[in-house]
Asks: 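Encoded as structure tokens, here's the structure I'll be asking about.
Heavy atoms only: backbone and side chains are in, while hydrogens, waters and symmetry mates are out. Here is the naming used below: chain letters follow the sequence lines, and residue numbers restart at 1 for every chain.
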Protein chains: 2
Amino acid sequence: MTNKQKKESVTISDIAKKLNIATSTVSRALNNNEKISEATKKKVQDVALELGYEISLAASSLVKKSTNLIGVIVPKVGSEFYADVINGIQEKAQEKGYKVIICQSDENVKQEIEMTKVLNATRVDGVIACLSMETKSVEHFKAFEKNNIPIVMFDRVSYDINGPKVVIDDYEAGYVAANHLIKIGRENIAHLSGNTQVKAFEDRTHGFKDALKEHKLPLHPQFLLSCDLSEKDIRTALKMWMNGAQKPDAIITSSAQSGLILTTVLKSMGYNIPEDLSIITLGNTASNEFITPTLSAINIPGKEIGRASFDEIFTCIKEGKSSNNISVKPIQLLIRNSSFKA
Amino acid sequence: MTNKQKKESVTISDIAKKLNIATSTVSRALNNNEKISEATKKKVQDVALELGYEISLAASSLVKKSTNLIGVIVPKVGSEFYADVINGIQEKAQEKGYKVIICQSDENVKQEIEMTKVLNATRVDGVIACLSMETKSVEHFKAFEKNNIPIVMFDRVSYDINGPKVVIDDYEAGYVAANHLIKIGRENIAHLSGNTQVKAFEDRTHGFKDALKEHKLPLHPQFLLSCDLSEKDIRTALKMWMNGAQKPDAIITSSAQSGLILTTVLKSMGYNIPEDLSIITLGNTASNEFITPTLSAINIPGKEIGRASFDEIFTCIKEGKSSNNISVKPIQLLIRNSSFKA
DNA sequence: ATGAAAGCGCTAACAC
DNA sequence: GTGTTAGCGCTTTCAT
């Protein structure tokens, strides 16, 4: 193993020496302090530029006890929904002069725990997080509290953690989706749910069940399946359902991504959509419009959730204390070809 | 405006006081230093846990001059390709005990400049970056050099910046795509390119042109279009092409995302693919398989590029100096229905 | 095996 | 308007 080099960075004392002034003057000049003469400011800025000076966040945040950094933990950066959320956060953050650092748990608790450690160690001013599908205990989030780092959770949240939440009405999402399918005449509706230990998925399931109950439709027990929505799980579910005595005539799936796979597999099995089955996805994605048939969806407003999450964390930081606000963002039923009335 | 609170975090001196020992002992115990007795280590670790202690990266990196952080700058986190790259980086980073912080330029130079500042200020141990579509001057990346932060660039790179590069052979990508279309009998091939001030796009265009030349096919000047591949640009291009005297019978587009839009617009204009035109995208995405017709593509191995990029940055960090390695990753022609031989 | 002290780069009183 | 000094939380000689 080779040596870790010491990195010689340019510091304010380099600037100070070159100009033969005090480091505090340099610091003030760089921070545009009003008591520093324009002449000095100019000199300092010029030398800073010349030397390629960049502030050390480590040093300055050590004394200021604030990093102007917001940490974001999402399961997958590549998913359209999380990408939207990130964009919403970044848009607002920029407005307010905050920088955003993004971490990915990859739907993996171990990784999520790592990320909480990094963000803690970095002493970000605030955290915005969405739980991984695997996350059961939320102990690792408690460290933020101890370090007085406020945290807002969105989408897949835990009420065991203090702080604002930004969510949709997941019960409503499940209800509206089921209701729509019932209205177009479907009677044997299956629900491919994410892990129901996650509250969001549990709530959707609830809404789904209640819609059936209200319309006095049967809930075939095997038609309510909690899984991790992987391609493998989807294939297994489909095999079971479509080979059973009672086939579903509609499927609600709890992620946009799974809808695409579902449709592709079903088509390859020889089924026609929406003639044989209707499909609707909880969560929307651009590909829902590209696939044949286009896929109906419940839209979850990612960007808006991102913006709201930043607003919440910003308030916490400014007030120096967490609220327990729960902000519920509106969903939207998007009817496309996969659930057209026959 | 309200007050910025001081955040009282738990420090090693809290632990030291509680145990009535020196902070240096605590530090050693926490770092598992061999000279510390097991008894002391245990005591320290217990109290650390009890108090919810988390190291301050700011403080420790200040003295160690190393953060164990890798900064990544990508244009869009939501794009499948960049998400793959990020996953590749993270996989390797985890292996080696590095943490990754992800920044998004949003294809925007101003934002990109901001990100370089953040990463500089954070004194990450290394940077992995892909230029935004807008980036012309790369002056803002020079600061990394001055701070002795190594940087590897991938995909859209600039050779004005020192350091390793991880790329594909873009010339080949353009060539192979064109060649494939020629082989299936296409003669009026259009190329919707990204901004050709970006070397990758320029190279692809070169490969495209050379393939035509080699087969003595005409290049209609209006069929080579450099734009930012937005939906608006695509519609404009299509309007121009399809209303012209000479219509293209094939289109190569320089991003996966644009292929989906292209296809959708073309279909809505009443054209049949691949009967009227063939399409191939430079870069692949899962949706290329969902859309009808499925879209041929040149696959660019994102995850592999990510892994290689981390390997390169890791070497730089360990050796304490940048190489100028250029690592070229293999591409792959994926023939799907949009370019099937008629 | 542990402690004392210096110092990383910066900011914030407090002087003048 | 600028300098002096202390100190943020940590690691690292150098002692013992």
Side-chain angles (χ1 to χ4, degrees), chain A residues 3-44 48 51-68 120-123 125 146-149, chain B residues 3-44 48 51-68 120-123 125 146-149:
Chain A
N3 48 320
K4 290 214 182 194
Q5 315 297 118
K6 302 211 183 294
K7 297 205 218 115
E8 298 283 311
S9 335
V10 184
T11 72
I12 53 169
S13 88
D14 293 332
I15 302 178
K17 263 175 216 151
K18 181 141 190 175
L19 253 28
N20 219 353
I21 59 180
T23 57
S24 51
T25 306
V26 176
S27 172
R28 290 188 189 104
L30 256 13
N31 287 296
N32 209 15
N33 183 308
E34 62 246 332
K35 327 194 95 176
I36 298 292
S37 72
E38 286 307 318
T40 318
K41 276 186 192 170
K42 171 119 185 59
K43 271 191 287 183
V44 169
L51 265 38
Y53 169 81
E54 294 280 346
I55 192 175
S56 161
L57 235 193
S60 96
S61 75
L62 234 201
V63 12
K64 293 209 294 187
K65 292 177 177 311
S66 136
T67 51
N68 258 35
N120 249 309
T122 308
R123 301 288 197 270
D125 288 354
K146 295 204 178 145
N147 275 318
N148 290 309
I149 299 176
Chain B
N3 48 319
K4 290 215 184 193
Q5 316 296 118
K6 299 207 185 297
K7 297 204 217 115
E8 299 282 312
S9 334
V10 184
T11 72
I12 52 169
S13 89
D14 293 331
I15 302 179
K17 263 175 217 151
K18 181 142 192 175
L19 253 28
N20 218 355
I21 57 179
T23 57
S24 48
T25 306
V26 175
S27 171
R28 289 187 189 104
L30 256 13
N31 288 296
N32 208 15
N33 184 307
E34 62 245 334
K35 328 194 94 176
I36 298 291
S37 73
E38 288 306 319
T40 317
K41 277 186 192 169
K42 171 117 186 61
K43 273 191 287 182
V44 169
L51 264 39
Y53 169 80
E54 294 280 344
I55 193 175
S56 161
L57 235 194
S60 94
S61 76
L62 232 202
V63 12
K64 294 210 293 187
K65 292 180 177 310
S66 136
T67 52
N68 259 33
N120 250 308
T122 308
R123 300 289 196 269
D125 288 353
K146 296 204 179 144
N147 275 319
N148 289 310
I149 299 176

Asks: Take atom CG of N32(A) and atom C1' of dT11(C), then tell me their distance rounded to the nearest Å.
Replies: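 N32(A) atom CG is separated from dT11(C) atom C1' by 16 Å.
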Asks: Which nucleotide in the list dT11(C), dG3(C), dC14(C) gets nearest to the side chain of S60(A)?
Replies: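 Output: dT11(C).
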Asks: Between the side chain of R28(B) and the main-chain N/O of K41(B), is any donor-acceptor distance below 3.5 Å?
Replies: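 Between the backbone of K41(B) and the side chain of R28(B) there is no qualifying donor-acceptor contact (under 3.5 Å).
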Asks: CG of L57(A) versus C1' of dC8(C): gap in Å, rounded?
Replies: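 For the pair L57(A) CG and dC8(C) C1', the rounded distance is 15 Å.
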Asks: What's the closest nucleotide to the side chain of K35(B) if the choices are dT12(D), dA12(C), dA1(C)?
Replies: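 When the side chain of K35(B) is considered, dA1(C) is the closest of dT12(D), dA12(C), dA1(C).
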Asks: Rounded to the nearest Å, what distance is computed from the CD1 atom of residue I21(B) to the P atom of nucleotide dT16(D)?
Replies: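 Atom-to-atom, I21(B) to dT16(D), this comes out as 21 Å.
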Asks: Separation of L62(A) atom CG from dT11(C) atom P, in whole Å?
Replies: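 These atoms are roughly 11 Å apart.
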Asks: Just how far, in rounded Å, is P of dT11(D) from CG of N33(B)?
Replies: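 Distance check: N33(B) CG to dT11(D) P gives 11 Å.
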Asks: What pair of heavy atoms forms the shortest contact from I55(A) to R123(B), and how long is it?
Replies: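 Closest heavy-atom pair between I55(A) and R123(B): O-NH1, 3.0 Å.
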Asks: Check the phosphate of dC10(C) against S56(A), side-chain N and O only, distance under 4.0 Å to OP1 or OP2. Yes or no?
Replies: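 Looking at the OP1 and OP2 atoms of dC10(C), neither is under 4.0 Å from any side-chain N or O of S56(A).
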Asks: In terms of the nearest nucleotide of DNA chain C, which residue is placed more toward the 5' end: T25(B) or I12(A)?
Replies: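 Of the two residues, T25(B) wins.
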Asks: For a quick test of reading the model: is some side-chain N or O of K65(A) closer than 4.0 Å to OP1 or OP2 of dG9(D)?
Replies: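 For dG9(D), OP1/OP2 do have a side-chain N/O of K65(A) under 4.0 Å.
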Asks: From the list dG9(D), dT11(C), dT11(D), which nucleotide is the closest neighbour of the side chain of T11(B)?
Replies: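 My answer, after comparing the listed nucleotides, is dG9(D).
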Asks: What is the separation between atom NZ on K17(B) and atom P on dG3(C), rounded to the nearest whole Å?
Replies: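 In whole Å, dG3(C) P lies 15 Å from K17(B) NZ.
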Asks: Can you tell me how far C1' of dG9(C) sits from CG of N120(B), to the nearest Å?
Replies: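 Distance, rounded to whole Å: 15 Å.
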Asks: Taking for each residue the nucleotide of DNA chain D with the nearest heavy atom, is it N20(A) or A59(B) whose nucleotide lies nearer the 5' end?
Replies: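 The residue whose closest nucleotide sits nearer the 5' end is N20(A).
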Asks: Rounding to an integer number of Å, can you tell me how far I55(B) CD1 sits from dC8(C) P?
Replies: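 In whole Å, dC8(C) P and I55(B) CD1 are 19 Å from each other.
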Asks: How about I21(B) and V44(B): do any of their side-chain heavy atoms sit closer than 4.5 Å?
Replies: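 Yes - at least one pair of side-chain heavy atoms lies under 4.5 Å apart.
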Asks: Any side-chain to backbone donor/acceptor pair from N33(B) onto K35(B)? Under 3.5 Å, distance only.
Replies: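 The answer is yes, because a donor-acceptor pair under 3.5 Å joins these two groups.
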Asks: Strictly below 4.0 Å: does S37(B) bring a side-chain N or O up to OP1 or OP2 of dT2(C)?
Replies: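 Indeed, a polar side-chain atom of S37(B) lies that close.
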Asks: Write down the atom of T122(A), the atom of T67(A), and the distance for their closest heavy-atom approach.
Replies: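 Smallest heavy-atom distance, with atoms named: O-CG2, 3.6 Å.
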Asks: Counting only side-chain heavy atoms from C-beta out, which of dT11(D), dT13(D), dG9(D) sits nearest to R28(B)?
Replies: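 Closest of the options to the side chain of R28(B): dT13(D).
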Asks: With DNA chain D as reference, determine whether S24(A) or E54(B) sits nearer its 5' end, using the nearest nucleotide of each.
Replies: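 This one resolves to S24(A).
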Asks: Looking at T40(B), does any N or O in its side chain come under 4.0 Å of the phosphate oxygens OP1/OP2 on dT2(C)?
Replies: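 Yes, within the criterion.
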Asks: Counting only side-chain nitrogens and oxygens, does S61(B) get under 4.0 Å of the OP1 or OP2 atom of dC8(C)?
Replies: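 For dC8(C), OP1/OP2 do not have a side-chain N/O of S61(B) under 4.0 Å.
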